[in-house]
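Chain letters run A, B, ... following the sequence lines, proteins first and then strands; every chain starts at 1.
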Number of protein chains: 2
Amino acid sequence: MARVAGVSSSTVSHVINNTRYISPSTRKAVLDAIESTGYLADGIARSLRTGTTQSIGLAMSALSNTYFAAFVHAIEKEISRSGFSLVLADTHDDPEREARAVQEILALRVDGMIVAPTNGSVAALDKLAAHNVPTILIDRVPPDPLRRGMDAIGVENAEPTAQLVDHLAEIGHSRIAFVGPNSALSTTRERLEGFREGLRRNGIEADDELITSGGTPENPTPARIAQLFDLEDPPTAIVAGNNEMTISVMQQLRGHGRRVPDDVALVCFDDFEWADLFAPRLTAMAQPADEIGRRAVQMLFERLKDRDLESRVVRLPPTFEHRDSCGPAALHRRHRR
Amino acid sequence: MARVAGVSSSTVSHVINNTRYISPSTRKAVLDAIESTGYLADGIARSLRTGTTQSIGLAMSALSNTYFAAFVHAIEKEISRSGFSLVLADTHDDPEREARAVQEILALRVDGMIVAPTNGSVAALDKLAAHNVPTILIDRVPPDPLRRGMDAIGVENAEPTAQLVDHLAEIGHSRIAFVGPNSALSTTRERLEGFREGLRRNGIEADDELITSGGTPENPTPARIAQLFDLEDPPTAIVAGNNEMTISVMQQLRGHGRRVPDDVALVCFDDFEWADLFAPRLTAMAQPADEIGRRAVQMLFERLKDRDLESRVVRLPPTFEHRDSCGPAALHRRHRR
DNA sequence: TTGTAAGCGTTATCAG
DNA sequence: CTGATAACGCTTACAA
């Protein structure tokens, strides 16, 4: 390549990177040679030399969960704005697969990482910390103090879930169920806590029969949800703990021939893009997924610039999308204070 | 690293890769050293040396389009099964951004690529061909002969779309509109062709007023759809050309106060995971996205093994999901032959 | 204004 | 059975 332009390799490097003055004539010669040969600098060799890959890794159960798609979208957009590339690996919310995913991504020597930790992900986080890779935790904000060099960003969970319960209580429900995903996730724990607080402050006694979260191979989520309807005194309202659970609940409801909102009220954490367009129009707590993704990337870039930044934890509020999966809006208004 | 284990760097390399016999004692010494230092081989240096990165690139408008999420999911799963990593870039269905995306991914020296070409993507494909990167085209199968070293996989478009029209004609519709995405995409062209064939074979004259595809800045898709309802003789049935269009149509329908299926029948190309659970339950042509994604990866790996393979083009059939967005099923049966 | 040469961390060849 | 050493394709002092 240096040969075809008739110059030295360092000159080529300098014109590509604009890193020192080059006479117009030789610059043109090099540019022409690049054009004609279709030359593209080898990022691998460059990375080996400079120690930076201009790429960042993303590890989450990104693809099984439609809600995460919005995250990935926002993250990709923000990253590519800076000319960085995105390396993606799915953790399937399993600590072991997560560790493997992180290991693989790390081998590519990404400059930074964004991880939606699956609780029990000490192995993966330890590895990240050991290798001193700037990391942003997203969605699930661990309660324990953050490791050095890590930030976290996610949504508020407890109070908004309590508000969902408030809403159901206001319109007269007291047999309220909670259907959550994997109970080891910090988001689930916080939402469940909010659920209990909601019951408490509305004077409703908690009934553990109405709380189900996580699935096991022997008793998977669908079966757990179905059990709710076989109770002697079944729930009249359900709080779905996330996107996936909402779908699961709807499936079981259909299987049992119950309609929303006529037979049972449903509110959910996480919104759907199409929630307005199809019936039942779900009343939901909508996460600002776009902003969370965008800010996660920004925080990462800030940390890339200054690796000694203090660890930061950011919580963003979700917004209450009031639709009619708890019954027609008119009915609610009647009950409101 | 070699020092801490008290051996040479080549020995370390050989124990990591199991590439020649090492005495149990030294092997143990090396393994211990790896363990204690948390050493992780530098993939960058390795790649520079071996010329393979164990990563493959994916360029599609992956994230704006929910339907593609299923592709990405399937692709990621299949790739990680082989221990490869996934580098992702969004093309936003724009040739220029696509070229940039491909360039960036190429700089990372991925071993192969999967691309959902945005028609007009000659630049990107030329670059791929010039750099001799094994490439699989997915979703949009170009009609022209494939470049050397490229395969293509996608769904059948024309006949299935004609079947959608058959269905509408059978239950008595003759004012049938087609709402398609970007008309430059091969999928759109094929589906539109199928739409026309469907009209033809059902003895319905095509009315160009009822065909809208692609949006321009001056006349975006929502406006185009809205115009359909302002016609003197508006459509009584609509064929949505993909996922996104289905949502757009539903939005406009709501804006105009028309209900599905009571006021207008709707069928669509592309299915939704939740289509069974919410009303209207959409009658749809469901793509085997999982299989397409999986086979795309398999084809790529085959080509990685043998770069002189003949170019292959694979078309998979979608399945007709008959639900009730054209009116209750009973009504249809009455009209069926 | 440009060229020379060292070195990034591996793997592969060749000796021993 | 293991160790030197060259080479992968860049960037960056340093020299000219």
Side-chain angles (χ1 to χ4, degrees), chain A residues 1-34 37-55 83-85 103-111 127 130-133, chain B residues 1-34 37-55 83-85 103-111 127 130-133:
Chain A
M1 171 63 209
R3 287 204 311 271
V4 13
V7 297
S8 77
S9 66
S10 60
T11 300
V12 175
S13 171
H14 281 119
V15 350
I16 289 177
N17 303 314
N18 272 321
T19 181
R20 83 175 171 198
Y21 185 85
I22 304 281
S23 79
S25 61
T26 54
R27 145 162 284 135
K28 180 163 183 331
V30 172
L31 257 22
D32 286 351
I34 287 177
T37 57
Y39 169 85
L40 180 62
D42 187 331
I44 295 298
R46 171 178 295 159
S47 293
L48 183 59
R49 178 64 233 238
T50 62
T52 155
T53 53
Q54 302 282 98
S55 68
F84 276 58
S85 297
Q103 173 108 2
E104 277 171 12
I105 294 183
L106 240 39
L108 291 179
R109 289 294 190 260
V110 294
D111 294 335
K127 195 159 293 177
H131 284 264
N132 206 20
V133 178
Chain B
M1 175 60 209
R3 289 203 310 270
V4 14
V7 296
S8 77
S9 65
S10 55
T11 299
V12 174
S13 171
H14 282 120
V15 350
I16 289 177
N17 304 312
N18 271 318
T19 180
R20 80 174 173 198
Y21 186 84
I22 303 281
S23 79
S25 61
T26 54
R27 144 162 286 133
K28 180 164 185 329
V30 173
L31 258 22
D32 286 352
I34 287 177
T37 58
Y39 167 85
L40 180 60
D42 188 331
I44 295 298
R46 170 178 297 159
S47 294
L48 182 59
R49 181 62 233 243
T50 60
T52 156
T53 54
Q54 301 284 100
S55 68
F84 276 58
S85 296
Q103 172 110 3
E104 276 171 13
I105 294 184
L106 240 38
L108 291 180
R109 290 293 190 263
V110 294
D111 293 337
K127 195 161 292 176
H131 283 265
N132 205 20
V133 179

Sequence-distant partners of S85(B), side chain to side chain donor-acceptor pair (under 3.5 Å), two or more places apart:
none
Atom pair CG (D42(A)) and CG (L48(B)), whose distance is rounded to the nearest 0.5 Å
6.5 Å
Which nucleotide sits closest to the side chain of T11(A): dT2(D), dG9(D), dT2(C)?
dT2(C)
Hey, does the side chain of T11(A) reach the backbone of V7(A) with a donor-acceptor pair shorter than 3.5 angstrom?
no
May I have the distance from Q54(A) (atom CD) to dC10(D) (atom C1'), rounded to whole angstrom?
14 Å
Specify the separation, in whole Å, of atom CG of L106(A) and atom C1' of dG9(C).
16 Å
Looking at R49(B) and dT10(C), is any side-chain donor or acceptor paired with a base atom of the opposite kind under 3.5 Å?
no
Which of these nucleotides, dC8(D), dT4(C), dT11(C), is closest to any side-chain atom of S10(A)?
dT4(C)
As an exercise, state the distance from OG1 of T53(B) to CD1 of I44(A), rounded to the nearest 0.5 Å.
6.0 Å
First of G6(B) and A45(B) reached from the 5' end of DNA chain D, by closest nucleotide:
G6(B)
Enumerate the residues from residues 16-31 of chain B whose closest heavy atom to DNA chain C is under 4.0 Å, giving them by residue number; use none for an empty result.
N17(B), R20(B)
Rounded to whole Å, the CG-P distance (L48(B) to dA7(D)) equals 14 Å
Can you see whether S10(A) engages S13(A) through a side-chain donor-acceptor pair at a distance of less than 3.5 angstrom?
no
Could you tell me whether the side chains of S25(B) and S23(B) share a donor-acceptor contact shorter than 3.5 Å?
yes
Let me know the distance between CD1 of I44(A) and C1' of dG9(C), rounded to the nearest Å.
13 Å
Measure the spacing between CZ of F84(B) and CD of E104(A) and express it to the nearest 0.5 Å.
10.5 Å
At what angle, to 10 degrees, do the two end axes of the helix from dT1(C)-dA16(D) to dG16(C)-dC1(D) meet, given five pairs define each axis?
40°
For V12(A), report the nucleic acid contact type (base, sugar-phosphate, nothing); a contact means any heavy atom under 4.0 Å.
nothing
On a heavy-atom basis, which atom in A33(A) and which in V4(A) lie closest, and how many Å separate them?
CB-CG2, 3.9 Å
V30(A) to A5(A) - nearest heavy-atom pair and separation:
CA-CB, 4.1 Å
Would you say Y39(A) reaches dG9(D)'s phosphate, i.e. side-chain N/O to OP1/OP2 under 4.0 Å?
no
dT11(C), dT11(D), dG9(D): which one has an atom nearest the side-chain heavy atoms of S13(B)?
dT11(C)
Under 4.0 Å, counting only non-hydrogen atoms across every strand here, what does H14(B) touch: a base, just sugar-phosphate, or nothing?
nothing
